[in-house]
Amino acid sequence: MTGTGNAREAMVARLRGAGITDPRVLAAMGEVPRERFVRPELADDAYGDHPLDIGRGQTISSPWIVAFSVVALEQPPSARVLEIGTGSGYAAAVLSRCVGEVVTVERDPTLAARAREVLAELAPNVEVRTGDGMRGAPDRAPFDGIVVTALAPGEIPPDLLDQLAPGGTIVCPVGDQRVGTLVRYRDGRTEELADVSFVPLVPGSPEA
């Protein structure tokens with residue numbers, strides 16, 4: 001086994017030890033080459049237990065938060081999921097191995113282009129869109145699950161709630177100043193899951 005393979009296997013073992021038990025999620029985390037989604041100079045640290053800078057003021061989330069968020073969605077293999085905040089594309093790649101279809105929205109055109117290129121190879125059931133994540137993807141709604149990978153200011157964006165299928169689930173960090181709570185919304189009820197730190201979710205799209 002290569003050094004990268006060993007590091008990925010060790011990461012999966014840590015996730016299992018941290019309480020991630022869903023076999024589909026663990027298998028996905030063990031399959032997706034995380035080093036493909038980070039800057040080349042950070043490849044040796046790709047499987048560490050922390051976020052990494054991907055440029056453009058954004059980060060790739062820690063392996064635990066990616067795995068935990070996918071588990072929290074509780075979606076079957078046939079589900080259609082919307083991801084807000086593509087970033088590097090890593091979380092979408094993991095999701096793609098657990099559900100049937102992923103639509104992911106990234107506000108930064110440069111990051112979206114990078115993610116689209118690697119996901120075209122590794123996760124063909126992922127559609128990468130460039131746009132305002134707070135507005136979601138209304139033309140593709142409703143979604144069985146929606147996962148947000150940036151900190152929503154104060155509440156889950158109303159447009160995303162409108163795009164959720166009946167009985168569907170939203171997993172979204174809510175808070176302020178990069179610190180908040182990961183919440184799960186389903187059937188009109190909101191449940192607090194974990195204290196988290198994320199880059200902020202902001203409207204609009206920056207220049208490339």
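Just so it is clear, the values below take in all heavy atoms, side chains as well, and ignore hydrogens, waters and symmetry mates.
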Worksheet item: Linking I/L/V/M/F/W/Y whenever their side-chain heavy atoms sit closer than 4.5 Å, directly or via other members, would V105 and L119 fall into one cluster?
Response: no
Discussion item. Between V147 and L164, is there shared hydrophobic-cluster membership here, with clusters defined by ILVMFWY side-chain heavy atoms closer than 4.5 Å?
Written reply: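 No; L164 is not reachable from V147 via cluster members.
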Looking at [X], I'd like to know if its [atom1] atom is crowded, meaning that more than 12 non-hydrogen atoms belonging to other residues, nucleotides or ligands lie closer than 6.0 Å.
| X | atom1 | value |
| --- | --- | --- |
| D162 | CG | yes |
| E192 | CD | no |
| E31 | CD | yes |

Item to complete: Applying salt bridge (Lys or Arg N to Asp or Glu O under 4.0 Å), run through D53 and R39 and close with a yes or a no.
Response: CA-CA 8 Å; D53 176 51; R39 303 207 312 266; 2.5 Å; yes
Can you see which heavy atom on [X] is nearest to which on [Y], and at what distance?
| X | Y | result |
| --- | --- | --- |
| S69 | V171 | O-CG2, 4.2 Å |
| V70 | V25 | CG1-CG2, 3.8 Å |
| A150 | P173 | O-CG, 3.2 Å |
| P153 | M134 | CD-CE, 3.8 Å |

Verify, without hydrogens or angle tests, whether [X] (side chain) and [Y] (backbone) share a donor-acceptor contact under 3.5 angstrom.
| X | Y | value |
| --- | --- | --- |
| D22 | V71 | no |
| R184 | L73 | no |
| R135 | G131 | no |
| S197 | R178 | yes |
| Y47 | R34 | yes |
| R107 | G204 | yes |
| S88 | Y90 | yes |

Got a second to check how far [X]'s [atom1] is from [Y]'s [atom2], nearest 0.5 Å?
| X | Y | atom1 | atom2 | value |
| --- | --- | --- | --- | --- |
| T181 | E191 | OG1 | CD | 12.0 Å |
| D139 | Q163 | CG | CD | 8.5 Å |
| D159 | L161 | CG | CG | 9.0 Å |
| M29 | R16 | CE | CZ | 11.5 Å |

Practice prompt. Taking the side chain as every heavy atom from C-beta outward, state whether I54 and L111 have any pair of such atoms under 4.5 Å apart.
Written response: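 Sidechains of L111 and I54: in contact.
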Worksheet item: Is there side-chain contact between L201 and P157, with at least one heavy-atom pair below 4.5 Å?
Response: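 Yes - at least one pair of side-chain heavy atoms lies under 4.5 Å apart.
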Worksheet item: Can D144 and R80 be counted as an ion pair, charged N to O under 4.0 angstrom?
Response: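 No, this pair does not count.
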Worksheet item: Hey, which of T86, T130, T149 is the one that makes side-chain contact (heavy atoms from CB on, under 4.5 Å) with E106?
Response: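 One option only clears the test, and that one is T86.
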